[in-house]
Amino acid sequence: MNFPEYKNLDYAAVADEILQFWKENRVFEQSVEGREGKPSFTFFEGPPSANGTPGIHHVMARTIKDIFCRYQTLKGKQVKRKGGWDTHGLPIELQVEKELGITKEDIGTKISVEEYNQRCRETVMRFTDQWNDLTEKMGYWVDLENPYVTYHNEYIESIWHLLKKLHEKGLLYKGYTIQPYSPAAGTGLSSHELNMPGTYKEVKDVSIVAQFKVKLTGKSAYLFDAADSDDIYILAWTTTPWTLPSNAALTVGKNIDYQLIKTFNPYTHLPVNVVCARDRVAAYFPEKGKDADFGAYQAGDKIIPWSVVMDLKGEHLEGIEYEQLMPYVQPEIKAFRVIAGDFVTTEDGTGVVHTAPTFGADDFRVAQQNGIPAIMVQDETGKDVPLVDKRGRFVKEVTDFALEYVKEQYLNDEEKEAEREKQGRDKYLSVDERIGILLKTENKAFNVQKFDHPYPHCWRTDKPVLYYPLDSWFIRTTAKKAELVALNKTINWKPESTGTGRFGNWLENLVDWNLSRSRYWGTPLPIWRSEDGEEVCIGSIAELKAALEHAQKDNVLNDEQRAANESFLSKLGTEALDLHRPYVDEIYFVSASGKVMTRETDLIDVWFDSGAMPYAQWHYPFENKDIFQNSYPADFISEGVDQTRGWFFTLHAIAGMLFDSVAFKNVVSTGLVLDKDGEKMSKRKGNVINPFDALGKYGTDPIRWYMITNSNPWDNLRFNLEAGVTEVRNKFFGTLTNTYNFFALYANLDGYELNEFDRVPYEQLGEMDRWILSKLNSLVRDVDGYYADYEPTKAGRAIQDFVSDHLSNWYVRLSRRRFWKGELTDDKRAAFETLQECLLTMAQLMSPIAPFYSDWLYRNLTEGAREKAVAGNTPLRFTSVHLTDFHPVETSRIDLELEASMELAQRVSSLVHSIRKVNKIKVRQPLSRVLVPVLNEFTKQRLARVEELIKAEVNVKAVELLDDTSGVLNKKVKPNFKALGPKFGPKMKEVAALIQGMDTATIAALEKASALELNGFTVELSDVEILTEDLPGYLTAQEGGLTVALDVHISEELKYEGIAREFVNRIQNLRKDSGFEVADKIAISVSTSEELIRTALQANSEYICTETQALSLNLLDSLADAVSVEMDEVALDVKVEVVA
RNA sequence: GGGCUUGUAGCUCAGGUGGUUAGAGCGCUACACUGAUAAUGUAGAGGUCCGUGGUUCGAGUCCACGCAGGCCCA
């Protein structure tokens, strides 16, 4: 048997079998090695973290990656794909802490950093086995033998090299970020600590609406004009008045509506014009004062008149400059202007946010984006520090409040009493309160009142937390913003909106990359500093060694430091070397000026680890320089859309900053996998799908196919395992397997073998074969384009439409007879060859998506021809579809005319079936003719070409094409709105009515003249669509401009033939039920008294015998051992025997 | 609160540049076909194209404002 036949195919078993075959024959390795010397296609694997178990969404994500790597391999590229593991970071630390029952506080006390990191190292690769297992079972081809691992010394060394290069370019610097800070405890707080219960307490603070005086410039002149005044102010609200001396900008919302309001200051009673968000006016301006008499106002009146001078948008305020509110310290760079920010609301305050870059995270970010400096002073060592020191006191430059605590709670009772005396008051007044008083007297406060709100407190000291600038290391990404934006425009994003929108906006609003992490398990920052700020960045192990050796020579280090250095030196070049903490912390250098240098204790952001993988995976530049150069940048990467600001960004940033290049040319960002109700999968909800169970139950290929064809990769997938995968399995895989089985059954019966050198020439093929080959080549062209364009969903859908609609349901259904009738003639051989080519091409086209099944199909179809193919070095020599070359598109075989003809045949057939159905005339009953009106020569020729097919398909004796000359056609006309619209515009309805009212004569006139005057409108032939109406006297059906009329008169002869066909059907069923072989010859005996049937059978006995492979048909009066057979209300006695 | 994204039949999804009667598959109902049969055909039921305004002779499609879900960020 040339072609194995199957019943009840188990797709999971197919996957197992093919996986085994791949392993035994190193098919993956062959697919890479076999392309040696060919152009390379580079794929970067985003490393998963092996400290968690894989989920079904990983099957989705990795299927996408796999598809394009396999496709490019088919296209002749060499696709190396190195696997990798992400091994550093907080999730691992948290897991270790959970298992040990400790917190971060305990590190260094209950457990040493050394032990802690050892535990992390053990934990991190815990589920590697499960991951490797899934990788195999889901058919994902990636090199797991030599993966990169981010905690390895070589990997870290490459990262250090990159950091050194950034440092050399001045792009790595020490700055600060605004973080929660407890002056009382003298420590920063993590977001975790801030989220502890009881941290937020309701407190009463002084809130101030300050008046910022607008300067008269070109940008603000319109306000001065509108108010006809020099006193224009912007109102901004704060609940932390102590930050007002640090004010550097005012932030407004671009789209927020503001109003300029004329009124009097309630404290100084001076006339003022103030800007406030329209939605907040009611909060500060009582309705009673609206448009009151300004002239009558007396200082101290309860009701203060006010009126709206003008409305304006936030964007009209941008760029307006104002006078510094509390001018203690002036920045070197220009500040004090209005900027726009997306965090401004009108829920409280004035819709204008007082912005102090040193004391608010939003403030800091928006200031940086707008080039607004922070208000700082220099301390005694020359370092820039904010106006509040680390103990929570104003610096001396803030003269009015020098060295005072900014929060009352930081003073103890004695200090408070001392302050009270100094102030000379009965009661201590806080800094906030006195700032309020000061501003009131200076006409700088519009509203001062106590305000209740929740405020975070330090969990250790119970004192208020400040948002405060703390040291951090940064990569100066903002310096390269323009380059990064420009480079991004060269990247092909799928979908495009992720690149232009999500990623593009992120780049537009870029802030410097905060690299610092105060943790333990990660890549250490390779920077050493002396107390004087001398600093060195180490870029390799060799540099580290040189610096160590240099340090040992001097007499600067103490004995302990020297011993630590010695210990590290002894490990260099040995297995014991470890570039992690705590070992690198115990390295001491000596600076050029002879000072001790210690390492900055920070670790770097793990995202730098993964963003460095293009270089570090090859230990570049210390090894593999050539490999790196040949595989950079990547042609293709893919990860979840949630990685936009993660991996996608870090890859892009490092490449752009250090290599003036993109890191990847094409990127597919994938959506989430949700459950069937669109809910996120989570362990808590219990709707998580175990990937191993799913693959085992349904098989890898149906699952992959379902995931890809159901929705675009970038849309979220509602994963309906049961219904969805079952449908794919039955409809697509079932149909394809059936088609293969059909082929195998008859090919085996005829002993058909494919001879790659002796095929029936294309020129001799019939219409059906040429048609499916045309369709096939059109499909190959489309699918090739879809894969090349990273559109796997379109590719999969095109393939399955071809298989079910064209190949199975039309080509095979209509060609069945050719496969089982008679000897192995050229026509039959052509049928086998055509079908085999279609199936083979399917195997190849679908192989990127369904790698196991497609290989199974390919091997079934070609295994018998392998030996000859290997000897002759023909295309089928490959043992796996994944080693083959992509089917070239044979454009000369794409015959669009033929495709159009066939489509007409399908439509006509469908209409005839529909008429038969409505009138309850079985398809087995032959009819004399079908009439098809055709209004143009094209359609006529196209239909003529497929006349025979239509006749056979709908069982009629003739297809008659009726054109104008027949004189029986009634025409009607429909307006073509698309053509009429631009011509007549508003008159359209009128014209359309005229057209619909045209009578037959007018239509004829229009056809003749090709243009006509209708009530003054010139209507051309192309402005209308001419259709035919029903033919009187026939049963008709219409669809999309096509009309079909069926002659349902059944002559005696047709009646007999119909009966004969019914009879043939019954005999075939009998053969089947009796278990006869397909090739068995039979003898038929019939007994019936029904004259009609007797006549019908006699008249068609030859036909009956041919169809049923009967050698004889005997009509008897009575019959023993007969079976009773129902034929349309009549019963016959029938006996069927095998005779040969 | 901001950015991006999705919303079309019970379910999953198609619907270049606006064109008047919005489609497919699954599911449901009925009938048929079949020497491929867990398949297929025909017919039927099933729609506020998320909502409200606007532009237009004409809007599922374009614009504005909302609503709901999702992701990321604050």
Side-chain angles (χ1 to χ4, degrees), chain A residues 8-9 253 255 341-347 361-362 365 495 497-506 508-509 640-646 669 671-672 674 676-680 706 709-712 714-718 720 723-724 726-732 734-735 737-746 793-794 797 800-801 804-805 808-810 812-813 816-817 819-820 909-918 920-924 953 974-982 984-992 1040 1064-1065 1067-1069 1071-1072 1076-1079 1107-1109:
Chain A
N8 299 326
L9 196 59
N255 294 319
D342 57 18
F343 55 87
V344 181
T345 71
T346 55
E347 270 158 36
D362 277 335
R365 181 172 53 85
S497 60
T498 304
T500 55
R502 194 183 279 223
F503 195 67
N505 290 341
W506 164 249
E508 291 293 343
N509 295 309
V641 68
D642 54 341
Q643 294 287 318
T644 308
R645 291 170 187 196
S669 71
L672 261 69
L674 308 172
K676 63 176 162 44
D677 301 319
E679 301 257 2
K680 205 174 163 178
Y706 165 70
T709 55
N710 189 61
S711 60
N712 282 316
W714 38 87
D715 292 332
N716 291 344
L717 171 69
R718 290 188 169 200
N720 192 337
T726 304
E727 182 183 333
V728 158
R729 192 183 53 185
N730 291 351
K731 191 164 167 50
F732 175 62
T735 305
T737 307
N738 267 333
T739 307
Y740 165 76
N741 267 333
F742 172 82
F743 168 82
L745 174 69
Y746 294 109
T793 307
K794 285 185 180 165
R797 285 176 179 171
Q800 70 190 17
D801 287 350
S804 69
D805 295 352
S808 168
N809 196 34
W810 194 252
V812 172
R813 196 158 58 80
R816 268 179 309 209
R817 183 171 284 265
F819 288 89
W820 50 264
S909 302
S910 167
L911 287 170
V912 173
H913 281 309
S914 142
I915 297 171
R916 279 180 173 272
K917 166 73 197 163
V918 169
K920 297 196 191 313
I921 305 168
K922 289 188 173 187
V923 179
R924 286 205 201 92
E953 173 65 9
K974 237 173 84 177
N976 178 353
F977 290 96
K978 205 168 180 173
L980 292 168
F984 299 111
K987 304 275 187 186
M988 179 88 144
K989 277 179 183 154
E990 201 181 325
V991 180
V1064 166
N1065 167 253
I1067 299 299
Q1068 300 289 34
N1069 287 342
R1071 284 187 61 124
K1072 204 173 169 185
F1076 294 176
E1077 291 299 319
V1078 175
E1107 288 298 305
T1108 58
Q1109 299 185 71

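The chains referred to below are lettered A, B, ... by the order of the sequence lines, with proteins before strands, and numbering in each begins at 1. We use all heavy atoms of the structure for the numbers below, so side chains are in, but hydrogens, waters and symmetry mates are not.
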Gap in Å between the two [atom1] atoms, one belonging to [N] and one to [M], rounded:
N: B/C4; M: B/A64; atom1: P; result: 11 Å
N: B/U48; M: B/A36; atom1: C1'; result: 45 Å
N: B/G7; M: B/A74; atom1: P; result: 28 Å
N: B/U52; M: B/A45; atom1: P; result: 26 Å
N: B/G10; M: B/G27; atom1: C1'; result: 8 Å
N: B/C11; M: B/C28; atom1: P; result: 16 Å
N: B/G41; M: B/A68; atom1: P; result: 42 Å
N: B/G25; M: B/G15; atom1: C1'; result: 15 Å

Given atom [atom1] of [X] and atom [atom2] of [N], what is their separation to the nearest angstrom?
X: A/N509; N: B/C4; atom1: CG; atom2: P; answer: 11 Å
X: A/Y706; N: B/G25; atom1: OH; atom2: C1'; answer: 13 Å
X: A/D801; N: B/G25; atom1: CG; atom2: C1'; answer: 9 Å
X: A/R797; N: B/C26; atom1: CZ; atom2: P; answer: 15 Å
X: A/E953; N: B/C33; atom1: CD; atom2: P; answer: 14 Å
X: A/L745; N: B/A36; atom1: CG; atom2: P; answer: 9 Å
X: A/D362; N: B/G2; atom1: CG; atom2: P; answer: 13 Å
X: A/Q800; N: B/G25; atom1: CD; atom2: P; answer: 12 Å

In chain order, what residues pass the salt bridge (Lys or Arg N to Asp or Glu O under 4.0 Å) check against [X], with sequence neighbours excluded?
X: A/E953; value: A/R813
X: A/R817; value: A/E1107
X: A/R365; value: A/D342, A/D362

(message) Closest-nucleotide mapping onto RNA chain B: is A/L9 or A/T709 further toward the 5' terminus? I mean the 5' end.
(response) A/T709
(message) For A/R645 and A/L717, find the nucleotide of RNA chain B closest to each by heavy atoms; which residue's nucleotide sits nearer the 5' end?
(response) A/L717
(request) Please tell me which of the listed nucleotides, B/A38, B/C4, B/C73, lies nearest to the side chain of A/R729? (result) B/A38
(request) Among the candidates B/G70, B/A36, B/A38, find the nucleotide nearest to the side-chain atoms of A/N730. (result) B/A38
Hey, does the side chain of [X] come within less than 4.0 Å of [N]'s phosphate (OP1/OP2), counting only N and O?
X: A/N712; N: B/A14; result: yes
X: A/N716; N: B/G70; result: no
X: A/R816; N: B/A36; result: yes

Go through the structure and list residues passing side chain to side chain contact (heavy atoms under 4.5 Å, CB included) with [X], not counting sequence neighbours.
X: A/T500; value: A/E496
X: A/T1108; value: A/V1064, A/I1067, A/Q1068, A/I1082, A/I1084, A/I1104, A/A1110
X: A/S808; value: A/T735, A/T739
X: A/N716; value: A/L672, A/L674

(request) Look only at the side chain of A/N509 and the backbone of A/N505, and say whether a donor-acceptor pair between them is shorter than 3.5 Å. (result) yes
Show me the protein contacts with nucleotides 5-7 of chain B, counting only N or O atoms at under 3.5 Å.
none

(request) Quick one: sort the A/F743 and A/Y740 rings into parallel, tilted or perpendicular, breaks at 30° and 60°. (result) tilted
Would you name the heavy atoms of [X] and [Y] that are closest together and state the gap between them?
X: A/S711; Y: A/T793; value: O-OG1, 3.3 Å
X: A/W714; Y: A/S669; value: CB-O, 3.2 Å
X: A/T644; Y: A/R502; value: OG1-CD, 3.4 Å

Across the strands shown, which category fits [X] at heavy-atom distances under 4.0 angstrom: base, sugar-phosphate, nothing?
X: A/E727; value: sugar-phosphate
X: A/N720; value: nothing
X: A/T500; value: nothing
X: A/N741; value: nothing
X: A/Y746; value: sugar-phosphate
X: A/V344; value: nothing

(message) Under the rule for side-chain hydrogen bond (donor to acceptor under 3.5 Å, both in side chains), what residues qualify as partners of A/N1065, not counting sequence neighbours?
(response) A/R924
(request) Tell me, please, which residues at least two apart from A/Q800 pass side-chain hydrogen bond (donor to acceptor under 3.5 Å, both in side chains). (result) A/W705
(message) Walk along nucleotides 40-45 of chain B from 5' to 3' and tag each nucleotide B, S or - by protein heavy-atom contact under 4.0 Å, base first, then sugar-phosphate.
(response) SSBS--
Using nucleotides 66-68 of chain B, report all nitrogen or oxygen pairs with the protein that are shorter than 3.5 Å.
none

(request) Can you measure from CG (A/L9) to CZ (A/R729) and round to the nearest 0.5 angstrom? (result) 10.5 Å
Please name the nucleotide paired to [N] by Watson-Crick or G-U wobble geometry with both distances under 3.5 Å, or report none.
N: B/G47; answer: none
N: B/C11; answer: B/G25
N: B/G60; answer: none
N: B/A36; answer: none
N: B/G1; answer: B/C73

(message) Counting distance alone, no hydrogens or angles: does the base of B/A39 have a donor or acceptor under 3.5 Å from a partner atom on the side chain of A/S804?
(response) no
